[in-house]
Asks: 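Once you've had a glance at the structure underneath, I'll fire off some questions.
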Amino acid sequence: MASKTVKIPKINCKHCTGTIERELSEMAGVTSVKADVSSKTVTVEWNEPPASWEKIADLLKEIGYPAQ
Ligand SMILES: [Cu+2]
């Protein structure tokens, strides 16, 4: 199990964190997603394979919330 916490400056409200949690949790291999509005961070846990940090970072970019 791999995990990472990243800063996502574009997080502004509960809708942002909801979108991120929903989209990331749909990715194969992702086991946990916790997004926090006040710290603008997301903690993701995944099994590798099938998921990888590269795929997760690509998806974040695609949905408009690139990780810093
Ligand atoms: Cu928002």
Side-chain angles (χ1 to χ4, degrees):
M1 171 99 68
S3 91
K4 201 172 169 82
T5 299
V6 287
K7 184 112 179 165
I8 301 188
K10 285 196 174 167
I11 291 176
N12 285 312
C13 70
K14 288 265 175 197
H15 294 284
C16 301
T17 55
T19 301
I20 290 166
E21 288 177 346
R22 189 181 64 245
E23 295 282 340
L24 282 188
S25 62
E26 281 172 5
M27 179 181 284
V30 171
T31 54
S32 165
V33 186
K34 286 185 191 101
D36 182 66
V37 177
S38 57
S39 62
K40 297 179 189 284
T41 57
V42 175
T43 300
V44 193
E45 292 180 359
W46 69 94
N47 289 314
E48 192 163 342
S52 67
W53 175 248
E54 199 182 16
K55 286 182 191 170
I56 292 164
D58 280 352
L59 180 60
L60 285 169
K61 226 177 279 173
E62 211 178 287
I63 65 173
Y65 295 103
Q68 208 172 51

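Numbering starts at 1 and runs along the sequence shown.
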Asks: Starting at NZ of K7, measure out to CG of D36 and round the result to the nearest 0.5 Å.
Replies: 10.0 Å
Asks: I'd like a table of donor-acceptor pairs (distance under 3.5 Å, sequence neighbours excluded) in which one partner is a side-chain atom from residues 48-68, with atom names and distances.
Replies:
unit_1	atom_1	unit_2	atom_2	d
E48	OE1	W46	NE1	2.8
S52	OG	K55	N	3.2
K55	NZ	P50	O	2.7

Asks: Mind checking what makes side chain to side chain contact (heavy atoms under 4.5 Å, CB included) contact with T31, not counting sequence neighbours?
Replies: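 With neighbours one apart ignored, the set is M1, E45, N47.
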Asks: Under 3.5 Å, which donor-acceptor pairs do the side chains of residues 12-25 form with other protein atoms, sequence neighbours left out?
Replies:
unit_1	atom_1	unit_2	atom_2	d
N12	OD1	K40	NZ	3.3
N12	ND2	K10	O	3.4
T17	OG1	K14	O	3.0
T19	OG1	H15	O	2.9
E21	OE2	A35	N	2.8
S25	OG	E21	O	2.7
S25	OG	R22	O	3.1

Asks: Under a 4.5 Å cut-off applied to non-hydrogen side-chain atoms, are I11 and V42 in contact?
Replies: yes
